[in-house]
Peer 1: 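What follows is a single structure, and I will ask about it in a moment.
Quick note: residue numbers are just sequence positions, from 1.
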Amino acid sequence: MFDSDGMGEELRAMKVDVTRLLSTAGEELFESSKDRADALADQIRAALTELGETVEQEQEQLQGLVAERPITSLASAFALGVVVGFMLRRH
């Protein structure tokens with residue numbers, strides 16, 4: 001009435017099938033995640049490259065302003081230092 005050998009073999013076959021399915025699903029999930037991570041890394045690289053170019057341009061402009069008006073730049077830096085000093089002393 002109860003075939004334990006047949007039931008055991010069916011359970012082993014199910015175990016093999018489930019293991020194979022989980023393995024395949026895991027690999028697909030890993031590949032999908034890897035592709036998304038690569039795409040995100042490419043976007044970050046592009047943004048950092050653009051940021052670097054912008055900072056370089058701003059640095060060149062700032063150096064030009066300081067070179068054109070050194071005394072004004074020095075006075076501005078001094079005034080900013082005094083303001084920051086007062087702010088830090090209050091806290």
Peer 1: Tell me every residue that passes salt bridge (Lys or Arg N to Asp or Glu O under 4.0 Å) with D35, counting only those two or more places apart in sequence or in another chain.
Peer 2: none
Peer 1: Can I get a per-line list of side-chain donor-acceptor pairs under 3.5 Å for residues 47-55, giving both atom names and the distance, sequence neighbours left out?
Peer 2:
residue, atom, partner, partner atom, Å
T49, OG1, R45, O, 2.9
T54, OG1, E50, O, 3.0

Peer 1: Which residue pairs satisfy the salt bridge (charged side-chain N to carboxylate O under 4.0 Å, His left out) criterion with at least one member in residues 13-23, sequence neighbours excluded?
Peer 2: D17-R20
Peer 1: Tell me, please, which residues at least two apart from D38 pass salt bridge (Lys or Arg N to Asp or Glu O under 4.0 Å).
Peer 2: none
Peer 1: Could you list the residues that satisfy side chain to side chain donor-acceptor pair (under 3.5 Å) with R36, not counting sequence neighbours?
Peer 2: S32
Peer 1: Return all side-chain donor-acceptor pairs below 3.5 angstrom for residues 60-88, not counting sequence neighbours, or 'none' if the list is empty.
Peer 2:
residue, atom, partner, partner atom, Å
S73, OG, R69, O, 2.8
S76, OG, T72, O, 2.9

